[in-house]
Amino acid sequence: MSRRGRGVAPCLGLALLALAACGRKGPPVAPEMRAPQRVVDLEAAVQAAAIELSWTPPNRRVDRTPIRDLSLTTRIFRLEDSGGGEPKTAILAKGVIAGYTEIASLRGDDPAPAVARGSHLVFTDRQALELRRRYTYVVVVGDSEGRIGPPSPRVSVIYVPAGEPPADLVAEAGDREAHLTWLPPPRLIDGSAPTTLFTYEVLRAPSAEAELKPVTPVPIGELVLTDRGLDNDHTYYYAVRAVQVVSSTVAYSATSPRVAVTPRDTTPPSPPANLVAIPSAATVRLTWSVSPERDVAAYIVYRAAAEGAFERVGSTRAPTATFVDRDVPSGTYRYAVTAQDSGARPNESGRSNEVTVTVP
């Protein structure tokens, strides 16, 4: 074979390999299919003197492939009007929502001034709001390549005056529970009288610095709530906010000042039973049946002279149910035993049956 022939064969093989590799890649994907999916859960509500938006950022593209771009940009558009008829349709044209004003652009890796709450982003709009005007919002999400996904559904609210915070929140501790009471807001934040009934959202935090989260799945119409299933000897922090619905707009008041409460175990154990005392020289040996409660920590032993008052003479750690009273002078004595639980403020049971012995 000539030198020329030997050179053609490798080149032809490389060309065929290149064509085969190109075939495996498949057809190119349209740019709009690589854009982020639309936000589908945009919500808006009046929060005191602002409007709060929340949504879940998309994690997939229109073609359903995962998004690994940490630099997604969420742009928020707003339309203001008097509230007559349907708001303007949200049409994406040349990267903006036609007829809407862009009020914020948020980066996925640093979304400030929005904040993350679980899987949601929350943005608070305070820009030139006028009472009783309608505000309609749309968000769009784009990636670092400039591909912009479809607009979210529109969400509209009437900027109505919210109530003032509920007054005089009081929390009283119980056994594994907190009992809360409060008073309704006396007026709205614009000074006017309420025209609709309030419901209330009770919020709780596990520490003074932690975020408050709703206790009730939906706002309640009462001015009282007992929050059960808590841990005794742990301090909880509560606040309440008033909720009203006006023209399909949900308006939340600011939260009341926080109050702290520490549930306590206030239920004493059952008294020990079947106390038996066996005297001997200067000694009395006591045995009893243990109390059934699982939180019993100790048993307290009491002794009294034949006609005297009981005095504590010793204790044992549960589950020990025996005690030896030593150096007991000769005479007649009465004995009784109580159970004590493990609470931070221990509860003591009533006395067991009394027994009387004579020490020789």
Side-chain angles (χ1 to χ4, degrees), residues 169-182 202 204-208 215 222-238 259-360:
L169 175 61
V170 175
E172 297 179 346
D175 189 351
R176 295 180 58 82
E177 65 183 31
H179 185 69
L180 309 170
T181 60
W182 60 90
V202 179
R204 182 184 70 207
S207 68
V215 171
E222 306 294 329
L223 296 170
V224 59
L225 175 77
T226 299
D227 188 19
R228 297 184 170 90
L230 305 177
D231 293 330
N232 284 333
D233 306 317
H234 179 89
T235 300
Y236 296 87
Y237 296 82
Y238 289 90
V259 298
V261 61
T262 306
R264 301 290 187 193
D265 181 356
T266 57
T267 304
S270 304
N274 305 317
L275 176 63
V276 175
I278 303 174
S280 59
T283 300
V284 177
R285 180 179 180 82
L286 305 168
T287 62
W288 58 88
S289 298
V290 299
S291 302
E293 288 78 10
R294 297 177 61 182
D295 63 345
V296 172
Y299 294 98
I300 313 301
V301 179
Y302 293 89
R303 183 182 70 197
E307 301 298 331
F310 277 108
E311 294 181 359
R312 177 172 172 162
V313 293
S315 65
T316 65
R317 293 181 62 86
T320 302
T322 62
F323 180 80
V324 178
D325 190 15
R326 305 181 188 278
D327 301 323
V328 182
S330 300
T332 299
Y333 300 93
R334 295 177 293 127
Y335 284 89
V337 179
T338 63
Q340 190 176 75
D341 66 21
S342 58
R345 298 178 182 177
N347 299 289
E348 189 172 354
S349 74
R351 295 188 188 122
S352 66
N353 58 295
E354 293 185 18
V355 293
T356 301
V357 297
T358 299
V359 177

*Asks:* Could you check whether any side-chain heavy atom of Asp227 comes within less than 4.5 Å of a side-chain heavy atom of Val202, counting everything from C-beta outward?
*Replies:* no
*Asks:* Does the side chain of Thr262 come within less than 4.5 Å of Arg345's, by heavy atoms?
*Replies:* no
*Asks:* Check Pro272 against Ser291 and note the closest heavy-atom contact, atom names and distance.
*Replies:* N-OG, 3.5 Å
*Asks:* What heavy-atom pair brings Val259 and Ala171 nearest, and what distance separates the two atoms?
*Replies:* CG2-CB, 3.8 Å
*Asks:* What are the two closest non-hydrogen atoms of Ser270 and Pro292, and how far apart are they?
*Replies:* CB-CD, 4.0 Å
*Asks:* Can you confirm whether Glu354 is buried at CD, in the sense that more than 12 heavy atoms of other residues, nucleotides or ligands lie under 6.0 Å from that atom?
*Replies:* yes
*Asks:* Ignoring hydrogens and geometry beyond distance, is a side-chain donor-acceptor pair present between Ser349 and Thr338 at under 3.5 Å?
*Replies:* no
*Asks:* Please determine whether the number of non-hydrogen atoms from other residues, nucleotides or ligands lying under 6.0 Å from atom CZ of Arg334 exceeds 12.
*Replies:* yes
*Asks:* OH of Tyr238 to CG of Leu225: how many Å apart, nearest 0.5 Å?
*Replies:* 8.0 Å
*Asks:* Looking only at side-chain N and O atoms, does Tyr335 offer a donor or acceptor that is under 3.5 Å from a partner on Asp325?
*Replies:* yes
*Asks:* Between Arg303 and Val328, is the side-chain contact (heavy atoms from CB on, under 4.5 Å) condition met? List the steps.
*Replies:* CA-CA 10 Å; Arg303 183 182 70 197; Val328 182; 3.6 Å; yes
*Asks:* How long is the straight-line distance from OG1 of Thr287 back to CG of Leu275, given to the nearest 0.5 Å?
*Replies:* 7.0 Å
*Asks:* Between Tyr333 and Ala305, which heavy-atom pair has the shortest distance, and what is it?
*Replies:* CD2-CA, 4.2 Å
*Asks:* Tell me, with the steps shown, if Val261 and His179 meet side-chain contact (heavy atoms from CB on, under 4.5 Å).
*Replies:* CA-CA 9 Å; Val261 61; His179 185 69; over 6 Å; no
*Asks:* Taking only residues two or more places apart in sequence, or in another chain, which ones meet Tyr236 in a ring-ring contact (aromatic ring centres under 6.0 Å, His included)?
*Replies:* His234
*Asks:* State, to 0.1 Å, how close Ala318 and Tyr299 come at their nearest heavy-atom pair, and which atoms those are.
*Replies:* CB-CE1, 4.0 Å
*Asks:* If we only count heavy atoms from C-beta on, is the Thr316 to Thr322 side-chain gap below 4.5 Å?
*Replies:* no
*Asks:* For Glu348, look at atom CD and say whether over 12 heavy atoms of other residues, nucleotides or ligands are found less than 6.0 Å away.
*Replies:* yes
*Asks:* How far does CZ of Arg176 sit from OG1 of Thr266, to the nearest 0.5 angstrom?
*Replies:* 12.0 Å
*Asks:* Check whether any side-chain heavy atom of Asn232 lies under 4.5 Å from a side-chain heavy atom of Asp175, and answer yes or no.
*Replies:* yes
*Asks:* With side-chain contact (heavy atoms from CB on, under 4.5 Å) as the test, would you mind laying out the steps for Asp341 and Val296 before giving the verdict?
*Replies:* CA-CA 4 Å; Asp341 66 21; Val296 172; 5.7 Å; no
*Asks:* Looking at every heavy atom in both Phe323 and Val301, which two are closest together, and how far apart are they?
*Replies:* CG-CG2, 3.8 Å
*Asks:* CD/Glu293 to OG/Ser342 distance, rounded to the nearest 0.5 angstrom?
*Replies:* 11.0 Å
*Asks:* To the nearest 0.5 Å, what is the distance between OG1 on Thr283 and CZ on Arg285?
*Replies:* 10.5 Å
*Asks:* Is any NZ, NE, NH1 or NH2 atom of the basic residue among Arg264 and Asp233 found under 4.0 Å from an Asp or Glu carboxylate oxygen of the other?
*Replies:* yes
*Asks:* Where do Asn353 and Trp288 land on the side-chain contact (heavy atoms from CB on, under 4.5 Å) test, with the steps shown first?
*Replies:* CA-CA 10 Å; Asn353 58 295; Trp288 58 88; over 6 Å; no
